[in-house]
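Below is one structure, written out as structure tokens; comments come after it.
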There are 2 protein chains.
Amino acid sequence: MATIYDVSELAGVSLATVSRVMNKNAQVSEKTKQKVLAAMESLGYRPSAIAKGLASKHTSSVGVLISELHGPFYGMMMSEVETELRNHDVHAIIAAGHSDAAKEEDAIEFLLSRRCDALILYVESVTDEYLVKLAKKGTPIVIIGRNIPKLAKNCISLNNELGGYLASKHVLENGHRKIAYISGPLWKDDAQERLAGHKRALAEYNVKFNEKLLFEGSYQEEGGVEGLTHLLAQRANFTALLCANDEMAAGAMTAARDLGLAMPQDLSVVGFDNVAYSRYVYPKLCTINYPIREMANMAAHWVLKYVYKHNAFDIQNIFEPTLVTRDSVSKFKR
Amino acid sequence: MATIYDVSELAGVSLATVSRVMNKNAQVSEKTKQKVLAAMESLGYRPSAIAKGLASKHTSSVGVLISELHGPFYGMMMSEVETELRNHDVHAIIAAGHSDAAKEEDAIEFLLSRRCDALILYVESVTDEYLVKLAKKGTPIVIIGRNIPKLAKNCISLNNELGGYLASKHVLENGHRKIAYISGPLWKDDAQERLAGHKRALAEYNVKFNEKLLFEGSYQEEGGVEGLTHLLAQRANFTALLCANDEMAAGAMTAARDLGLAMPQDLSVVGFDNVAYSRYVYPKLCTINYPIREMANMAAHWVLKYVYKHNAFDIQNIFEPTLVTRDSVSKFKR
DNA sequence: CTGTTAGCGCTTTCAA
DNA sequence: TTGAAAGCGCTAACAG
């Protein structure tokens with residue numbers, strides 16, 4: 001692989017000059033510039049990002065850490081970040097944290113060791129303190145999906161409680177009173193918050209929260225299947241089911257139908273996230289929109305603005321969820 | 001950020017010694033080793049992967065190029081590669097090619113500039129010749145989803161024609177004769193191959209291929225919606241619909257239901273890929289299994305074996321699709 | 001077992 | 001406008 005040295009030799013100029021034509025900024029006479037360009041071309045020269053990083057102390061790369069590389073939610077987030085960053089010639093180095101503290105820290109170590117200029121983190125297991133410490137270490141970080149008081153400026157988060165509330169309120173407004181709830185893993189903050197929102201709505205409508213109508217799911221399709229099966233076994237005759245995310249809603253709906261329930265007539269269902277395929281399940285899923293694209297885009301802009309000094313628009317730290325009404329909810333009858 | 005030099009100073013040993021304890025291999029006395037470790041600990045030392053890469057000529061990282069960062073198919077592939085690689089302490093640098101030749105080449109340039117030890121490529125637009133040339137440049141490459149004769153050893157591909165054939169044969173066996181087909185973008189090889197398989201099955205059953213029953217879709221949900229709408233407008237009374245991937249099948253099914261068609265009674269549908277959510281659409285989608293996980297895993301093993309010299313199992317270059325029967329197909333009646 | 005000494009390929013003053 | 005030279009943080013002979 002040709003080096004800058006080979007180029008300088010072929011072009012008959014110094015290293016420095018070659019470097020200058022690569023980094024557009026400096027003044028180089030048109031003539032020598034052409035010589036250098038020609039030399040690069042004929043050698044098939046490709047600058048080493050790695051050597052450049054060593055010498056210049058920045059890598060034009062930002063580390064992106066998400067829980068999983070698959071799944072509609074993370075996929076959208078990652079995709080948006082990558083696109084926005086790449087539009088500005090910075091590259092994303094992506095790693096998965098698998099919702100596990102050790103793996104998340106590991107991944108962060110990895111990204112740091114690659115000397116990323118900044119980190120965009122969607123982490124679930126690592127503590128707030130860890131992140132606060134990390135933020136002090138020098139590499140700028142922006143955190144998606146969490147709101148840490150001491151790091152408020154670095155957080156891009158959703159009002160999950162409101163989302164839970166909106167979902168719940170919607171079925172309550174439709175007359176339902178026996179409402180089952182499949183939450184996410186309750187050690188996750190967002191799962192707790194969504195559930196809290198649900199409880200607030202219930203309280204507002206004077207309906208008592210029933211432990212038997214709560215199932216702690218996994219945030220995956222299978223969790224929805226298990227949840228529905230379990231809840232039905234409680235024989236509590238619920239007419240509406242709230243799921244803490246769309247995947248579980250899809251699983252629950254499939255399971256419900258397998259057991260002979262018609263939706264939305266026998267059972268109204270609401271999801272959460274508004275992932276792409278939620279409109280392709282049957283019935284079309286009523287859900288809560290999680291503006292993850294906008295949030296991911298904001299995170300990318302945060303980095304562009306504060307790290308790469310592009311003049312981006314103002315940063316919005318907190319986003320609001322909204323209700324997306326579709327076919328899976330009907331009025332309570334009888 | 002502390003450097004190896006700081007560590008060596010604090011520990012009272014030379015650079016080389018510090019380097020030695022980092023790279024387990026060499027012999028270092030237990031005593032000095034502990035001193036070094038302690039120094040690292042107290043300095044919060046984190047070796048620079050970038051400097052290491054420059055000095056050692058390999059980066060313990062492999063570039064992974066896929067068309068999109070979102071979507072169930074790519075997500076699964078990326079996830080599997082990353083997991084397998086990380087299990088062996090090598091990291092994936094992921095980039096998106098967006099099914100566009102220029103962007104794909106760009107992304108490859110990027111990965112090469114980061115001096116990846118190898119490349120795992122899922123590319124759709126770049127030519128075979130380009131890849132053949134690339135393969136000669138030194139960086140080992142493995143190609144997923146294409147079978148290039150000159151690069152047969154580097155390819156991990158699916159027999160798409162067989163997949164199309166199996167899907168088609170299944171509905172033919174169920175008595176259907178008027179079969180509509182929503183293909184992928186026909187400039188993509190896999191779309192062509194799947195369609196070819198369909199035609200072969202038709203021929204085998206002596207049913208003539210009808211252009212009016214073919215719609216060229218986008219491989220996305222929306223393409224399925226458009227396809228179904230268009231096909232219905234042809235008034236050709238088809239009783240079965242083959243979709244070249246599950247996303248389009250999901251879109252088409254939703255559109256069909258919106259137009260009052262019951263499935264599978266009025267219309268049988270078959271997808272392709274067997275993505276995670278295909279079993280959660282209604283009716284559960286009959287599809288062709290694309291063993292993308294196994295293939296992704298194989299690609300990772302290829303790299304582990306040939307680049308990192310781990311002793312992995314034998315490499316399988318060609319994979320076979322299989323039929324997954326579910327509820328979306330029924331026997332043709334009347 | 002440990003230290004010395006060149007680099008790896010590039011950026012970046014400082015002079016010319 | 002251009003060149004010389006000193007690193008960036010690490011690895012890898014080669015000695016000792």
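Letters go in sequence order (proteins before strands), and every chain restarts at 1.
Proximity of B:Ile148 to B:Ile143: side-chain heavy atoms (C-beta onward) are separated by under 4.5 Å at one or more points. Using a 4.5 Å heavy-atom threshold, the side chains of A:Glu105 and A:Tyr130 count as touching.
Note on the helix from C:dC1-D:dG16 to C:dA16-D:dT1: angle between the axes of the first and last five pairs equals 30°, rounded to 10 degrees.
The distance from atom CE of A:Met22 to atom P of C:dC10 is 6 Å, rounded to the nearest whole Å. Spacing between atom CE of B:Met40 and atom C1' of D:dG9 amounts to 13 Å, rounded to whole angstrom units. Remark: P of C:dG9 and CZ of B:Arg115 are 8 Å apart, rounded to the nearest angstrom.
Across all their heavy atoms, A:Asn297 and A:Glu80 have their closest contact at ND2-OE2, 2.9 Å. Of all heavy-atom pairs between B:Lys305 and B:Asp314, the closest is NZ-OD1, 3.6 Å. Nearest heavy-atom pair across A:Glu124 and A:Trp187 is O-CZ3, 3.6 Å. Taking every heavy atom of both residues into account, A:Tyr219 and A:Pro185 meet most closely at CD1-CD, 3.5 Å.
Checked against D:dC10, C:dG9, D:dA12, the side chain of B:Ile4 finds its nearest nucleotide in D:dC10. Distance from the side chain of B:Leu54 is smallest to C:dC8 among D:dT11, C:dC8, C:dT12.
For residues 147-158 of chain B, no residue pair satisfies the side chain to side chain donor-acceptor pair (under 3.5 Å) rule, not counting sequence neighbours. Applying the ring pair (Phe, Tyr, Trp, His ring centres under 6.0 Å) test to every pair with at least one member in residues 24-66 of chain A, sequence neighbours left out, gives no pairs at all.
Of the residues in residues 43-51 of chain A, those with a non-hydrogen atom less than 4.0 angstrom from any atom of DNA chain C are A:Tyr45, A:Pro47, A:Ser48, A:Ala51.
If you look at A:Tyr308 and A:His88, their ring centroids are not closer than 6.0 Å.
Within the 4.0 Å cut-off from OP1 or OP2 of C:dC8, not a single side-chain nitrogen or oxygen of B:Lys57 is found.
By the ring pair (Phe, Tyr, Trp, His ring centres under 6.0 Å) test, A:His98 is found to be paired with no residue, residues two or more places apart in sequence or in another chain being considered.
Among the heavy atoms of the strands lying under 4.0 Å from A:Ser19 is at least one base atom, whether or not backbone atoms are also near.
Relative to the ring axis of A:Phe110, B:Arg46 does not place its NZ or CZ within 45° and under 6.0 Å from the centre.
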Spell out protein contact along nucleotides 1-7 of chain D as letters: B when the base is contacted, S when just the sugar-phosphate is, - when no protein heavy atom is under 4.0 Å; keep the 5' to 3' order. SBBB--B

